[in-house]
Amino acid sequence: MTTAVAFVCLLAIAHPAGAQDSGGDSERDRRISVTGGLVVAEGEAVDGPVVSANGDARIDGRVNGAVYVGRGDLRVDGRVSGDALVLDGDAFISGRVDGSVTVLNGKATVRPGANVLGDVASRASPTAARGTVRGHVEKLDVDSLFAGFVVVILAVLWVAVTLSTAVLGLLFVWLFPRAADAVVVAGRRVWASFFLGLFLGVIAPILGLAIMASVVGIPLGFAVLGTLAVLVPLGYVASALSFGRLMVHRGGTGGRLGAFFAGFGILRFGALVPGLGFIIGFFFATYGFGSVIIA
């Protein structure tokens, strides 16, 4: 049920314009069913989108827009002027679909006499009668789609972390030069910094949650966790600065900034290496956290 509701909310957000194209009529005509499925009867016209989150959808009339089915089968004997998407179920097309038919987990079947102007794709090998589909009929590689989606998310996350940490490092080195120098000095005790950071990184969250278990301690618990949330990214910045100081020895603000970005650039590119990137990030963030505490 949670998935179904989320599916409905997603589609409602994705089609905000549909509710305003023709004033109140479109808002009334849009048909959404959370459970039980829906039917667009023969002779009935609905301004879409038409959504069935958890149940079969049968289109005997006309849908001026797209049709989405979360969990259930889709049967089109009438006409759909947009695309047809089924997440978990099968699609049976005997009428007309002006867009494409996509089934993420199931099979698409286009019967004789049907007319699909777009593509037909499904996870199970789709079948289509000769001359019924104008576009391509192909098996959908859901695993590749998911892998590509994961790669995009990870890339966006890497860019976001890189930019935000770069800004934090720039402000730290520029606004607090004495603190930056103190962190570099403390960071020379590599293993002491690492094990201190590891110990506090494990103990502090447990302590914060334990304090929050009592109503009186909730503010203090939030303070502990909030402090930790600030110091861990700052620890990564400190480790990049200490690492960069092995290559850039110049003094002054320019030297500090050069050292930070030299170390930071190497660490961020190292984070792109699968598996090894996580180990590098964990070690340097823990080590930098400990050096900040020592400083």
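For reference, positions follow the sequence shown, starting with 1.
Classified by interplanar angle (parallel below 30°, tilted 30° to 60°, perpendicular above 60°), the ring pair F172/F176 is tilted. Below 30°, between 30° and 60°, or above 60°: for W158 and F269 the angle between ring planes is between 30° and 60°, a tilted geometry. Relative orientation of the Y236 and F264 rings is perpendicular, given thresholds of 30° and 60° on the angle between their planes.
Under the 3.5 Å distance criterion, the side-chain polar atoms of D83 are left unmatched by any main-chain donor or acceptor of A66. Looking only at distances, no side-chain donor or acceptor of D56 sits under 3.5 Å from a matching main-chain atom of G72. Proximity of a side-chain donor or acceptor of S164 to a complementary backbone N or O of V161 within less than 3.5 Å is detected. A donor-acceptor pair under 3.5 Å links the side-chain atoms of S122 to the main chain of A108, judged by distance alone. Checked by atom type and distance alone, the side chain of R245 pairs as donor or acceptor with a backbone atom of R250 at under 3.5 Å.
Across A259 and L241, no two heavy atoms sit closer than the pair CB-CD1, 4.1 Å. Of all heavy-atom pairs spanning G65 and V80, the tightest one is O-CG1, 3.3 Å. When all heavy atoms of A295 and A186 are compared, the pair lying nearest together is N-CB, 3.9 Å.
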Inset, instruction - For I93 and V101, run side-chain contact (heavy atoms from CB on, under 4.5 Å): C-alpha distance rounded to whole Å, both residues' side-chain angles, the deciding distance at 0.1 Å, then the answer. - result: CA-CA 9 Å; I93 312 299; V101 178; 4.3 Å; yes

Inset, instruction - Kindly indicate, with the supporting measurements, whether the criterion side-chain contact (heavy atoms from CB on, under 4.5 Å) is fulfilled by V51 and L38. - result: CA-CA 8 Å; V51 181; L38 59 83; 5.8 Å; no

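Salt bridge annotation for R58-D60: present, with a cationic side-chain nitrogen under 4.0 angstrom from a carboxylate oxygen.
S291 OG to L234 CG: the interatomic distance, rounded to the nearest 0.5 Å, is 8.5 Å.
By the neighbour-count criterion of 12 heavy atoms within 6.0 Å, atom CD of E42 is sparsely surrounded, having that number or fewer from other residues, nucleotides or ligands.
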